[in-house]
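One-based numbering, in listed order, for ligands and for the atoms of each. By convention here, the first residue in the shown sequence is residue 1.
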Amino acid sequence: MATVHKINEDLVKERQKCTFNVQELTYLLDGGEEVTKERREFENILRNVKELQDEVPEVYLSHKERYENAVRKTCILQNVRNDFEKKREVLSPRNIFRAGYAVIKDVSPFFLHNGMFVPTIIGQGTPEQQAEWLPKAKAMAIIGTYAQTELGHGTFIRGLETTATYDAKTEEFILNSPKVTSYKWWPGGLGTTVNHCITVAQLYINGKKYGIHPFIVQIRDLETHKPLPGIKVGEIGPKMGFATANNGFLGFQNFRIPRKNMLMKNAQVLKDGTFVKGMNEKLTYGTMVMVRVNIVSDSAFHTAMAATIAVRYAAVRHQSQLKAKEPEVQIIDYLTQQHKLFIAIATSHAFSNTYTWLYQAYLKVVEDLGKQKQDHLPELHALSCCLKATSSRDAGVIVEQCRLACGGHGYMASSNLPIIYGYTTAAITYEGEHTVLLLQTARYLMKAWMSALEGKVLAPSVAYLVDWLKSDKQRWQNTPEVIVKGFQHVAAGKIKDAFDAIQKHVKAGKDYEDAWNLASVQLIKASEAHSRAILCDGYLRETVRTSSSVSPSLAKVLNHLVQLYIVYWTLETAGDLLVYSNIGKDDIAVLKEKYEELLALIRPNAVGLVDAFDISDEILQSTLGSYDGRVYERLMEEAMKSPLNKEPVNQSFHKYLKPFIKKAKL
Ligand SMILES: CC/C=C\C/C=C\C/C=C\C/C=C\C/C=C\C/C=C\CCC(=O)SCCNC(=O)CCNC(=O)[C@H](O)C(C)(C)COP(=O)(O)OP(=O)(O)OC[C@H]1O[C@@H](n2cnc3c(N)ncnc32)[C@H](O)[C@@H]1OP(=O)(O)O
Ligand SMILES: Cc1cc2nc3c(=O)[nH]c(=O)nc-3n(C[C@H](O)[C@H](O)[C@H](O)COP(=O)(O)OP(=O)(O)OC[C@H]3O[C@@H](n4cnc5c(N)ncnc54)[C@H](O)[C@@H]3O)c2cc1C
């Protein structure tokens with residue numbers, strides 16, 4: 001029988017202090033009691049699968065062993081999931097995503113299968129193509145990835161070099177990787193796991209180039225798993241994180257695939273080689289838009305993980321005295337510690353709230369596209385780009401801040417913060433590099449500004465530009481609503497400045513493209529300001545909306561959090577607000593006090609708030625963040641698992657140290 005340990009006394013006291021119902025918040029964050037129950041039930045089943053327990057912590061395994069262990073466990077996870085779904089409903093994607101962390105400590109080698117391979121078949125395939133591949137892909141009879149990036153190009157996908165040349169005689173495409181730079185590089189699972197992939201390649205028909213399109217390609221034999229003739233595939237080697245994601249490379253040499261393997265929901269190639277244009281060539285980029293939306297939710301979860309670890313640890317950890325002769329204090333009672341941590345909790349809520357409305361906006365665009373309507377696509381693209389960029393970047397900063405808040409122990413692998421940092425920061429680069437995505441949003445903002453100047457009606461997310469042009473700056477008040485307006489004024493001011501900078505360069509004789517480049521630092525600043533205004537506005541609106549449907553005690557805490565988020569960012573960007581809004585120095589002084597008040601209000605609920613994220617110990621994988629707070633015991637237990645502690649004297653002593661010391665004595 002498993003030993004039941006006592007909960008750390010500090011944590012017991014913290015939980016007693018909590019002023020709201022933790023369970024109620026968990027249900028709210030999950031999207032309903034039923035979702036929470038389903039999640040817990042599934043996590044509980046996984047917890048009891050003996051084969052999923054690691055005898056040796058993964059960190060001590062070699063690169064190869066780690067990968068093999070990840071494949072082994074991912075297969076078990078998939079089987080458990082299939083059994084679960086036979087008896088009950090299909091698990092929600094977020095619940096299966098979360099549970100994955102309890103199984104694979106790092107990133108699953110199957111990750112891109114569900115993350116991008118299946119969604120691309122859904123988003124880019126015709127009904128016939130979906131009927132052919134989806135059942136096999138969903139059942140995992142075929143396993144795939146998304147192979148777009150190449151050694152030479154990741155951002156500029158119009159520059160991809162893999163070619164798909166149509167041969168009308170055989171009704172096939174011939175895939176080739178003409179140069180080393182045209183090798184696919186990065187796709188998750190490609191190294192040694194998948195047997196299929198979506199390959200994004202330049203289409204050629206009769207010598208004419210038709211741009212990039214997605215193709216389904218089988219790359220390995222389904223029986224032997226050997227690469228098919230004409231395929232060169234392998235793993236790219238160790239990275240900063242993503243240790244078990246099995247990222248790979250792939251090259252083609254006159255590799256033939258049938259015509260029906262080009263995903264043709266948008267553009268088509270007919271049997272005779274006629275090219276039929278799609279409604280909008282950018283619809284080929286659809287999977288990326290979906291993943292960017294999802295990354296906002298992932299950023300919320302990664303932030304919640306780090307906050308849970310660091311807040312619980314801060315409640316357990318005592319260090320230094322505030323006053324002489326008094327006991328050492330819980331480090332959570334240092335205001336500087338609260339400053340580091342409470343914004344982590346609020347940020348996770350801000351991203352969850354943002355994801356809720358952004359996902360609805362995404363679904364609406366998908367529905368519209370089905371009716372051949374694409375009016376809201378540019379706005380969704382602009383929003384998904386800047387919110388992916390900002391949420392992943394903020395999450396990276398927050399996770400690192402949480403690590404620092406745990407002092408030396410945060411640097412231990414067993415805290416799990418290094419691995420969380422590894423996959424959180426990867427998201428800043430993948431699915432569209434940070435700066436590049438901010439610049440995509442900036443393109444939209446420049447057009448919006450021009451439309452505003454022309455007096456046109458703007459899309460809701462940029463409608464504030466019209467208000468800004470119409471009215472004088474509002475009289476400043478230190479209320480969340482007026483502060484959000486202030487963020488909009490900053491965004492509008494920076495958008496205008498960037499626009500004017502481009503115009504100035506153009507007037508001085510520069511090409512528009514050069515002018516754009518010269519103004520691009522201002523452009524990314526405008527995009528960042530726009531993101532912050534959107535995040536604060538959306539978070540405030542969602543909180544107001546949900547507050548009416550939850551208990552008054554929970555509504556109060558949610559209100560503290562959203563205020564904290566808004567005031568935190570006011571103080572962080574005070575310089576901008578002083579330039580672009582009516583805020584005064586005195587207002588900032590008042591807000592500094594307000595911020596300290598909010599920290600004090602949140603303090604009794606800090607542990608309750610991270611408990612409400614309801615991240616099980618199996619998912620957290622952290623000596624510092626477990627529910628029972630046995631921090632020191634767990635650190636010691638984990639240390640004892642080091643292979644170096646398995647023998648009293650390591651052989652290197654006899655081999656190297658002893659002769660070395662002897663020589664030194666002579
Ligand atoms: C078990 C679980 C355990 C552990 C998991 C742990 C951790 C993982 C955590 C979370 C991950 C969660 C989910 C993620 C799932 C998978 C992700 C994993 C790995 C990442 C995979 C990848 O990275 S795939 C490759 C992604 N690549 C990119 O994103 C490339 C970026 N580049 C581009 O998108 C484009 O090239 C571009 C947009 C930068 C430029 O394109 P282009 O040159 O063609 O366009 P222009 O700039 O000239 O613009 C022309 C007009 O087109 C408009 N436009 C551009 N894009 C779009 C679009 N997508 N939709 C609509 N419109 C678009 C643009 O706005 C221009 O319009 P104008 O009106 O201004 O002309
Ligand atoms: C962990 C991980 C997993 C990945 N998984 C996959 C996968 O499964 N499938 C897949 O296809 N790809 C994958 N990728 C690749 C990823 O999508 C690309 O790395 C990413 O899109 C960035 O492209 P890049 O590497 O070419 O960077 P680059 O574009 O070369 O960026 C280098 C620098 O140049 C700057 N830059 C580039 N273009 C511009 C511009 N127009 N204006 C201003 N600055 C610019 C960038 O801001 C950056 O600072 C993965 C990457 C990582 C790190």
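The distance from ligand 2 to the heavy atoms of T435 drops below 4.0 Å at these ligand atoms: 47 (O). Listed by number with element, the atoms of ligand 2 under 4.0 Å from a non-hydrogen atom of L112 are 8 (O). With ligand atoms numbered from 1 in the order given, ligand 2 contributes 1 (C) to contacts under 4.0 Å with heavy atoms of F242. If you number the atoms of ligand 2 from 1 as listed, the ones under 4.0 Å from a heavy atom of Q148 come out as 11 (O). For ligand 2, the atoms sitting less than 4.0 Å from at least one non-hydrogen atom of G154 are 23 (O), 24 (P), 26 (O), numbered in the order shown with element in parentheses. Listed by number with element, the atoms of ligand 2 under 4.0 angstrom from any heavy atom of E431 are 17 (O). In summary, the atoms of ligand 1 found under 4.0 Å from a heavy atom of V289, numbered by their order in the structure, are 59 (N). Atom numbering of ligand 2 starts at 1 in the shown order; those under 4.0 Å from a heavy atom of T429 are 19 (O), 20 (C), 21 (O), 22 (C).
With a 4.0 Å cut-off on non-hydrogen atoms, E431 touches ligand 1 through its backbone as well as its side chain. When heavy-atom distances to ligand 1 are checked against a 4.0 Å cut-off, I104 has no atom that comes that close, whether in backbone or side chain. Residue contacts with ligand 1 for F111 involve side-chain atoms from C-beta outward but no N, CA, C or O (heavy atoms, distance under 4.0 Å). Contacts with ligand 1 closer than 4.0 Å are made by no heavy atom of N294, backbone or side chain. In K184, neither the side chain nor the backbone holds a heavy atom less than 4.0 Å from any atom of ligand 2. Under 4.0 Å from ligand 2, heavy atoms of T149 appear from its side chain as well as its backbone. Contacts between Y146 and ligand 1, counted as non-hydrogen atom pairs separated by less than 4.0 Å, involve the side chain only. Residue contacts with ligand 1 for E433 are absent, since no atom lies close enough (heavy atoms, distance under 4.0 Å). For V436, every heavy-atom contact with ligand 1 shorter than 4.0 Å involves the side chain, none the backbone.
Among the atoms of R443, some N or O lies under 3.5 angstrom from an N or O of ligand 1. Of the polar atoms of Q148, at least one N or O is found under 3.5 Å from an N or O of ligand 1, judged by distance alone. Looking at M288 next to ligand 1, no N or O pair under 3.5 Å apart turns up. Considering both main-chain and side-chain atoms, Y430 never comes within under 3.5 Å of ligand 2 through any nitrogen or oxygen pair. At under 3.5 Å, a nitrogen or oxygen of R158, whether backbone or side chain, sits near a nitrogen or oxygen of ligand 1.
Looking only at heavy atoms of the protein, atom 30 (C) of ligand 1 is closest to G154 O, 3.4 Å. When only non-hydrogen protein atoms are considered, atom 50 (C) of ligand 1 lies nearest to K282 CE, 3.6 Å. Looking at atom 32 (N) of ligand 1, its nearest protein heavy atom turns out to be T155 O, 2.8 Å. The closest protein non-hydrogen atom to atom 6 (C) of ligand 1 is Y101 OH, 3.2 Å. Of the protein's non-hydrogen atoms, the one nearest atom 12 (C) of ligand 1 is D298 OD2, 2.4 Å. Annotation: atom 1 (C) of ligand 1 to nearest protein heavy atom, G100 CA, 3.5 Å. The protein atom (non-hydrogen) at minimum distance from atom 47 (O) of ligand 1 is Q440 NE2, 2.9 Å. For atom 54 (N) of ligand 1, the closest heavy atom belonging to the protein is H381 NE2, 3.5 Å.
Nearest-heavy-atom check against atom 9 (N) of ligand 2 across Y146, Y423, W186 picks out Y146. Considering each of L439, N247, I524, the one bringing a non-hydrogen atom nearest atom 43 (C) of ligand 2 is L439. Around atom 41 (O) of ligand 1, the closest heavy atom drawn from Y285, F156, F97 belongs to Y285. Between R292, Q374, K388, R98, it is R292 that holds the heavy atom closest to atom 34 (O) of ligand 1.
Under the 4.0 angstrom criterion, atom 2 (C) of ligand 2 counts as having a protein heavy-atom contact. Per-atom contact check: atom 12 (N) of ligand 2 touches the protein, criterion being a heavy-atom distance below 4.0 Å. Counting protein heavy atoms under 4.0 angstrom from atom 38 (N) of ligand 2 gives one or more. In this structure, atom 34 (O) of ligand 2 has no protein heavy-atom contact shorter than 4.0 Å. Distance check on atom 47 (O) of ligand 2: some protein heavy atom falls below the 4.0 Å cut-off. Under the 4.0 Å distance rule, the nearest protein heavy atom to atom 52 (C) of ligand 2 falls inside the cut-off.
If you run side-chain hydrogen bond (donor to acceptor under 3.5 Å, both in side chains) between N95 and each of R40, R81, E38, only E38 comes through.
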(request) For the pair E161 and K179, evaluate salt bridge (charged side-chain N to carboxylate O under 4.0 Å, His left out) and give the outcome as yes or no after the intermediate values. (result) CA-CA 8 Å; E161 293 167 332; K179 302 193 240 164; 3.3 Å; yes
(message) salt bridge (charged side-chain N to carboxylate O under 4.0 Å, His left out), that's the test. Do D54 and K105 meet it? Break it down for me.
(response) CA-CA 10 Å; D54 283 320; K105 308 291 189 291; 2.8 Å; yes
(message) Let's go through K371 and E367 carefully: what are the C-alpha distance in whole Å and the side-chain angles of both, what is the deciding distance for salt bridge (charged side-chain N to carboxylate O under 4.0 Å, His left out) to 0.1 Å, and is it a yes or a no?
(response) CA-CA 7 Å; K371 299 176 197 152; E367 189 191 321; 3.1 Å; yes
(message) Run the salt bridge (charged side-chain N to carboxylate O under 4.0 Å, His left out) test on E68 and R72 for me, step by step, so that the C-alpha distance in whole Å, both residues' side-chain angles and the decisive distance to 0.1 Å come before the verdict.
(response) CA-CA 6 Å; E68 287 162 359; R72 179 184 72 80; over 6 Å; no
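Put simply, the side chain of F110 reaches to within 4.5 Å of the side chain of C75, judged on heavy atoms. Within the 4.5 Å cutoff, no side-chain heavy atoms of F215 are placed close to those of Q124. You'll find the side chain of K232 stays beyond 4.5 Å of the side chain of P227, heavy atoms only. Contact of the H113 side chain with the T193 side chain is not registered, since no non-hydrogen atoms from C-beta on lie closer than 4.5 Å. Annotation: side chain of M305 is in contact with side chain of L620 (closest heavy-atom distance under 4.5 Å). When side chains are defined from C-beta on, M288 counts as touching R292, because their heavy atoms get closer than 4.5 Å. Side-chain contact check for S299 versus D394: every heavy-atom pair is 4.5 Å or farther apart. At least one side-chain heavy atom of H213 sits under 4.5 Å from a side-chain heavy atom of F275.
Between F613 and H349, the ring-plane angle classifies as tilted under the 30° and 60° cut-offs.
Proximity of the aromatic rings of Y423 and Y101 is defined here by a centroid distance below 6.0 angstrom, and this criterion is met. Centroid-to-centroid, the aromatic rings of Y362 and H376 stay 6.0 Å apart or farther.
Residue V107 places a heavy atom less than 4.0 Å from ligand 1. D106 counts as a contact of ligand 1, since one of its heavy atoms falls under 4.0 Å from the ligand.
For T356 (side chain) and S352 (main-chain N/O), a donor-acceptor pair under 3.5 Å exists by modelled atom type.
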